[in-house]
> 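Right, I'll just put the structure down here and ask away after.
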Amino acid sequence: MLKSFESVAHQLKFKSKPYSIDNLAFKFHYRATFIILLVCVVLVTSRQYIGEHIRCMTGGSPTIPEHVINTFCFFTTTFTIVRHLNESMLERGNIPHPGIGPVHEDDEKKFHAYYQWVPFVLFGQAIMFYLPHFVWRTWEKGRIKMLVYGLQMTSLSWHINCQNDVQITSTHTLLTRKTIANRVSIIKIEFLRHLRIHRWWAPRLVFCEILCFANLILQIHFVNVFLNGQFLRLGIDFIQGNFEGPMDPLDVVFPKVTKCHFYKYGASGSIQKHDALCVMALNVMNEKIYTFLWFWFIILLVVTLISFIWRFLTWILHSRSTKFNGFVFSMACPGRLHPMDMGVIKKALIFSDWLFLYYIAKNLDPPVFRELLSSLVAELRADRDEVYIEDSDEESEDVELRRPNEDDIEKSMMMHQIENENIDTVDYAEKSTKLA
């Protein structure tokens, strides 16, 4: 049994990555849903749980080999009769199985051809749910990883004063405080250097989140079309259905027994029609897979909508509320942060820079981030003061550049000459008085 899951075993190892570049709702799409769909593919394609996917019989006709009719009915469409999907007739014994009975020319037939495409569709859906993460990872280009890699397990460094870095395992190193300080300085310099340049970081992340939502809606619509418009109410019918009788709501969508017509030439060259009755063992697995996917898609839709509401709140409140900033950064990096620091962050950063700093906080230990935040806030305060001084100098330059007209120049020159004459007269009188 375990050998069937070897192809997806490496995906089922839920190891915490050393860095994070997205939120929980995003992981629901590209990790949880991706793994669920791959497991469904393994279950559908494995024969050790359900045996042969389809077995058909033609009334004991010796002229048609069993494997021929099985292969033909699996790769073509089987059908059920709509008027025989009647539980009361089934209880009275008028029909042997739901949808199976005598066929007349005017009977409405319900054809079933989805079962041969189920593995391919599930695998394609898994790829589609992973695609937004692949796009975002390509755009992000490992910026967060390059800045924070190796600084996630540094809490021990604040309690042990080592002179040199200690290699604990192949992936973990105990850094000294000096090394941590140097790394924090590098993060600060790189963040300030790219300030206002990361303005496309947040829009691209939000675009990929919207892409996840659009893909989810598209997949729900596609599955509904794939199952002949019966997927949207599948979970509701499952909840409201009665499974104690001979017929349950899932038998309508996933019949266990269907009919198949096989045509061949007889001995005289005339066309012979063979009415085959097929046992659809594969639908036993299909009904459980798609019923689970119905509930999972509902959960995924709710989680995605909640993440959109949260993203909208962060966009609105990140530049308006100091308490909100303190709450968000405290969740990302547990510990109390100074309100003055949050006030500077609120005023100095646009949303893209703010979100970039938030993901840096998510990937750092609390002591390291608090050290980074204090030095970063000091630089941002200095930059704001310099901007204020430069603005003041520009205003003074504007005042100096207001050139007076010619009359004003002549008046100012005359006043200046008169003042000089008065000063010379006063100085000459004072000197004469002192000599006398």
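The figures that follow rest on heavy atoms only: side chains count, while hydrogens, waters and symmetry mates do not.
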> Can a donor-acceptor pair be found, under 3.5 Å and without considering hydrogens, that links the side chain of Asp248 to the backbone of Asp251?
yes
> Quick one: are Phe351 and Ser319 in side-chain contact, heavy atoms under 4.5 Å?
no
> Does the side chain of Ile360 come within less than 4.5 Å of Ile144's, by heavy atoms?
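Contact flag for Ile144/Ile360 side chains = yes.
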> Is the backbone of Val103 close enough, under 3.5 Å, to the side chain of Asp107 for a donor and an acceptor to pair up by distance?
no
> Please answer whether the main-chain N or O of Pro249 pairs with a side-chain N or O of Asp237 as donor and acceptor at a distance below 3.5 Å.
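Judged by distance alone, no pair lies under 3.5 Å.
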> Is any side-chain heavy atom of Lys259 closer than 4.5 Å to one of Ile100?
yes
> Apply the test ring pair (Phe, Tyr, Trp, His ring centres under 6.0 Å) to residues His29 and Phe26: give CA-CA distance (whole Å), side-chain angles for both, the deciding distance (0.1 Å), then the verdict.
CA-CA 5 Å; His29 285 263; Phe26 212 125; 7.2 Å; no
> Should Leu293 and Ile36 count as side-chain neighbours, where that means a heavy-atom distance under 4.5 Å?
yes
> Check Asp341, Leu357, Leu373 against Phe329 for a side chain to side chain contact (heavy atoms under 4.5 Å, CB included) and give me the one that passes.
Leu357
> State, with a plain yes or no, whether a side-chain heavy atom of Val368 is found less than 4.5 Å away from one of Val184.
yes
> Going by side chain to side chain contact (heavy atoms under 4.5 Å, CB included), Thr258 matches just one of Ile81, Thr77, Val279, Thr80. Which one?
Thr80
> Keeping the roles fixed (side chain from Arg143, backbone from Glu140), state whether a donor-acceptor pair exists under 3.5 Å.
yes
> Can you establish whether the number of heavy atoms outside Trp139 located under 6.0 Å from its atom CH2 is more than 12?
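Atom CH2 in Trp139 is packed in, count exceeds 12.
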> In sequence, state the C-alpha distance, the side-chain angles, and the governing distance for Phe369 and Asn363, and then conclude on side chain to side chain contact (heavy atoms under 4.5 Å, CB included).
CA-CA 9 Å; Phe369 177 71; Asn363 290 277; over 6 Å; no
> Are the side chain of Thr291 and the backbone of Lys288 linked by a donor-acceptor contact shorter than 3.5 Å?
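Looks like no, no N/O pair under 3.5 Å.
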> Can a donor-acceptor pair be found, under 3.5 Å and without considering hydrogens, that links the side chain of Lys362 to the backbone of Tyr358?
no
> Decide if atom NZ of Lys109 counts as having more than 12 heavy atoms of other residues, nucleotides or ligands within a radius under 6.0 Å.
yes
> Mark yes or no for whether Lys264, through its side chain, and Phe262, through its backbone, hold a donor-acceptor pair below 3.5 Å.
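The answer is no, because no donor-acceptor pair under 3.5 Å joins these two groups.
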> Taking atom types as modelled, is there a side-chain donor on Tyr114 or Asn286 under 3.5 Å from an acceptor on the other?
no
> Taking CD1 in Ile271 as the centre, count heavy atoms belonging to other residues, nucleotides or ligands within less than 6.0 Å. Is the count above 12?
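Not more than 12 within 6.0 Å, no.
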> Are the two sulfur (SG) atoms of Cys73 and Cys260 closer than 2.5 Å?
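Disulfide present: SG-SG distance under 2.5 Å.
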> How are the rings of Phe191 and Phe356 set to each other: parallel, tilted or perpendicular (split at 30° and 60°)?
parallel
> Parallel, tilted or perpendicular: which fits the ring planes of Tyr263 and His261, with parallel below 30° and perpendicular above 60°?
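Perpendicular.
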> Has His221 got a side-chain atom pairing as donor or acceptor with Ile217's backbone, closer than 3.5 angstrom?
no
> Does the ring center of Phe324 lie less than 6.0 Å from the ring center of Trp310?
yes
> Would you please classify the geometry between the Phe111 ring and the Phe79 ring as parallel, tilted or perpendicular, with 30° and 60° separating the classes?
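Ring orientation, 0 to 90° scale: tilted.
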> Flag the pair Trp201 / Tyr359 as yes when their ring centroid distance falls below 6.0 Å, and as no otherwise.
yes
> Using 0.5 Å steps for rounding, measure from the CD atom of Glu209 to the CG atom of Asp22.
8.5 Å
> Applying side chain to side chain contact (heavy atoms under 4.5 Å, CB included) to Glu66 and Arg55, what does each step give before you reach the verdict?
CA-CA 8 Å; Glu66 182 181 357; Arg55 282 188 176 276; 2.9 Å; yes
> In Å and rounded to the nearest 0.5 Å, what is the CD to CG distance from Gln230 to Leu234?
8.5 Å
> Is Glu108 paired with Arg83 through a side-chain N to carboxylate O contact shorter than 4.0 Å?
no
> Are more than 12 heavy atoms from other residues, nucleotides or ligands located less than 6.0 Å from atom CE of Met331?
yes
> Any carboxylate oxygen within less than 4.0 angstrom of a Lys/Arg side-chain nitrogen, looking at Arg193 and Glu190?
yes
> Could you check whether the rings of Phe297 and Phe231 sit parallel, tilted or perpendicular, using 30° and 60° as the cut-offs?
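The arrangement is perpendicular - the two ring planes meet at more than 60°.
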> I would like to know whether Trp354 and Asn325 meet side chain to side chain donor-acceptor pair (under 3.5 Å); could you show each step before the answer?
CA-CA 10 Å; Trp354 180 90; Asn325 281 278; 2.5 Å; yes
> Take Leu380 and Leu192, measure what side chain to side chain contact (heavy atoms under 4.5 Å, CB included) needs, and give me the verdict at the end.
CA-CA 8 Å; Leu380 292 175; Leu192 293 174; 3.9 Å; yes
> Could you tell me if the ring centre of Phe74 sits under 6.0 Å from that of Tyr115?
yes
> Show, in sequence, the C-alpha distance, side-chain angles and deciding distance for Thr33 and Trp296, and conclude whether the side chain to side chain donor-acceptor pair (under 3.5 Å) test is met.
CA-CA 8 Å; Thr33 309; Trp296 177 252; 2.9 Å; yes
> Please say which of Thr45, Val41, Val39 ends up in a side chain to side chain contact (heavy atoms under 4.5 Å, CB included) with Leu43.
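Exactly one candidate clears the test, Val39.
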> Please report the interatomic distance CD(Gln219) to CG(Leu300), rounded to the nearest 0.5 Å.
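It comes to 10.5 Å.
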> Mark yes or no for whether Ser374, through its side chain, and Glu371, through its backbone, hold a donor-acceptor pair below 3.5 Å.
yes
> Between Trp315 and Phe312, what is the ring plane arrangement, given parallel below 30°, perpendicular above 60°, and tilted in between?
tilted
> So, taking the atom named CG in Leu122 and the one named CD1 in Ile289, what distance separates them when rounded to the nearest 0.5 Å?
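That separation rounds to 6.0 Å.
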> Taking Lys110 for the side chain and Val252 for the main chain, is one N or O donor matched with an acceptor at less than 3.5 Å?
yes
> If I take atom CG from residue Asn23 and atom OG from residue Ser307, how far apart are they, to the nearest 0.5 angstrom?
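Answer for the CG-OG pair, Asn23 versus Ser307, is 5.5 Å.
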> Working to the nearest 0.5 Å, report the span between OH of Tyr290 and SG of Cys40.
8.5 Å
> Are the charged groups of Lys256 and Glu287 less than 4.0 angstrom apart, N to O?
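Looking at Lys256 and Glu287, the cut-off is met.
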